[in-house]
Amino acid sequence: MNKYYVLLIAGGITFGTASIFIKLSNMTPGALAFFRFFIVGLIFSLISRVNFRKILKYSPFGFLLALHMITFIISVYTTTIIDATVLVSTSPFFVILLSKFTKFKNTIKDIVGSVIGFIGVALINYPLVLGYLVGNIIAIFSAFLIALYTALLSRVEEDSISLTSAIYLSSSLFTFPLFIVQGFGKIDLTSVLSLLGLIFLPTLIGHTSVIVASGKVKPQHIEIIGLLEPVTASILAVFIFHQIPTAFQVMGSALILFSVAYIMT
């Protein structure tokens with residue numbers, strides 16, 4: 001199996017821990033967004049010795065990633081969590097539409113894999129609840145932002161470590177104003193451990209896997225593999241929150257796993 005697919009699968013699985021850590025934490029969204037990017041960016045900067053010129057060069061990617069995070073958080077607060085999750089999962093379709101900005105061409109397999117994966121996400125969140133129009137539009141916009149980020153990133157030729165550091169540090173700069181406005185929130189042991197989990201799993205492994213695999217794997221496939229997030233979250237919810245999955249969640253998870261296996265064969 002292609003090593004980049006293995007890395008992306010690991011990243012996709014860790015994405016599923018993000019919602020768990022956010023739910024457990026009592027820190028503000030601004031604090032979580034800022035520190036997860038700043039600390040990981042700082043860690044990589046110690047390895048790659050990234051400079052301000054490189055941070056500035058790749059700041060458009062940092063801006064897209066930061067704006068995706070912020071708009072997703074806003075969508076969760078302005079519509080139902082179910083609607084936000086499903087609508088953000090339309091990102092593979094946007095990548096297909098944005099294929100002209102990548103060096104990869106669409107295939108029938110890419111489209112079929114995206115459709116199967118999205119149906120899986122919809123089933124996991126069934127029955128769908130009609131949310132609020134503004135929140136739903138913001139969630140779709142968030143999906144577009146991460147799709148544009150992934151599509152454009154596929155054209156970048158740069159050392160993975162320094163690129164990762166530059167993107168994360170610039171993202172932290174863009175999320176810093178939100179942190180200033182919202183503050184820290186409640187700081188206790190649970191919040192600190194949740195922040196550390198958010199830093200080292202979905203950020204250090206999850207988002208970094210996307211950057212490392214960009215240019216080596218189709219952006220469409222990167223977004224489809226990212227749909228492993230709700231599968232992982234559903235499994236973890238059983239053990240942490242004692243939320244027993246429904247038949248639809250089991251079927252949806254199976255479809256997502258199938259879509260990932262389908263595009264890799």
Side-chain angles (χ1 to χ4, degrees), residues 11 14-15 17-77 88 91 138 141-153 156 158-188 190-214 222 226 229:
T14 61
F15 278 141
T17 65
S19 59
I20 303 296
F21 290 131
I22 291 172
K23 188 175 180 64
L24 291 173
S25 176
N26 291 310
M27 296 179 70
T28 65
L32 291 173
F34 170 72
F35 283 111
R36 69 183 296 189
F37 288 129
F38 178 71
I39 293 176
V40 177
L42 195 61
I43 291 173
F44 280 115
S45 70
L46 297 175
I47 301 173
S48 63
R49 299 182 182 276
V50 67
N51 53 49
F52 182 74
R53 182 178 297 178
K54 189 165 288 187
I55 294 174
L56 186 62
K57 178 182 179 181
Y58 294 112
S59 60
F61 294 100
F63 175 73
L64 287 173
L65 186 58
L67 194 56
H68 159 70
M69 283 290 176
I70 293 171
T71 51
F72 178 66
I73 292 171
I74 293 174
S75 72
V76 170
Y77 283 111
V88 167
S91 58
I138 293 173
F141 182 55
S142 182
F144 171 76
L145 289 170
I146 195 62
L148 181 61
Y149 167 83
T150 307
L152 295 177
L153 198 59
V156 176
E158 179 65 76
D159 171 67
S160 297
I161 300 299
S162 60
L163 176 61
T164 301
S165 178
I167 290 176
Y168 286 166
L169 288 175
S170 61
S171 288
S172 69
L173 292 176
F174 289 116
T175 54
F176 185 68
L178 182 63
F179 166 53
I180 293 298
V181 171
Q182 295 184 332
F184 283 95
K186 184 179 179 181
I187 300 178
D188 52 25
T190 301
S191 292
V192 172
L193 291 177
S194 297
L195 175 61
L196 290 175
L198 197 61
I199 288 170
F200 288 102
L201 289 177
T203 309
L204 186 62
I205 299 177
H207 283 289
T208 300
S209 70
V210 173
I211 297 175
V212 173
S214 292
I222 291 176
E229 177 179 354

- Task: Just do the side chain to side chain contact (heavy atoms under 4.5 Å, CB included) check on Ser59 and Phe174 with the steps written out, would you?
- Result: CA-CA 9 Å; Ser59 60; Phe174 289 116; 4.3 Å; yes
A side-chain contact here means heavy atoms from C-beta on lying under 4.5 Å apart; do [X] and [Y] qualify?
X	Y	result
Val156	Ser214	no
Leu145	Phe63	no
Ile73	Leu32	no
Ser25	Ile22	no
Phe44	Val50	no

- Query: Do Phe35 and Phe179 have ring centres separated by under 6.0 Å?
  - Reply: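 That pair passes the under 6.0 Å test.
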- Message: Tell me if the centroids of the rings in Phe144 and His68 come within less than 6.0 Å of each other.
- Response: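 Ring centres of His68 and Phe144 not closer than 6.0 Å.
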- Assess whether side chain to side chain contact (heavy atoms under 4.5 Å, CB included) is satisfied between Ile167 and Leu153, documenting all intermediate values. CA-CA 11 Å; Ile167 290 176; Leu153 198 59; 3.8 Å; yes
[X] side chain to [Y] backbone, donor-acceptor under 3.5 Å:
X	Y	result
Ser191	Asn26	yes
Thr17	Thr14	yes
Thr71	Leu67	yes

- Item | Residue pairs passing the side chain to side chain donor-acceptor pair (under 3.5 Å) test where at least one lies in residues 164-176, sequence neighbours excluded |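 Applying side chain to side chain donor-acceptor pair (under 3.5 Å) to every pair that reaches into residues 164-176, excluding sequence neighbours, yields Tyr168-Thr208.
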What pair of heavy atoms forms the shortest contact from [X] to [Y], and how long is it?
X	Y	answer
Ile146	Ala143	CG2-O, 3.2 Å
Gly41	Leu169	C-CD2, 3.8 Å
Asp188	Lys186	OD2-CE, 3.5 Å

- Would you kindly say whether Ser48 and Ser162 are connected by a side-chain donor-acceptor distance under 3.5 Å?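 Looking only at side-chain atoms, Ser162 and Ser48 do not form any donor-acceptor pair under 3.5 Å.
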Can I get a per-line list of side-chain donor-acceptor pairs under 3.5 Å for residues 193-206, giving both atom names and the distance, sequence neighbours left out?
residue : atom : partner : partner atom : Å
Ser194  : OG   : Thr190  : O            : 2.8
Thr203  : OG1  : Arg36   : NE           : 2.8
Thr203  : OG1  : Arg36   : NH2          : 3.0
Thr203  : OG1  : Leu198  : O            : 2.8

- Taking Phe176 as the fixed residue, which of Phe37, Phe34, Phe38 is the one that meets the side-chain contact (heavy atoms from CB on, under 4.5 Å) rule?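 The single option meeting the side-chain contact (heavy atoms from CB on, under 4.5 Å) with Phe176 is Phe34.
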- Query: What residues form a side-chain hydrogen bond (donor to acceptor under 3.5 Å, both in side chains) with Tyr58, not counting sequence neighbours?
  - Reply: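 Expected list: Glu158.
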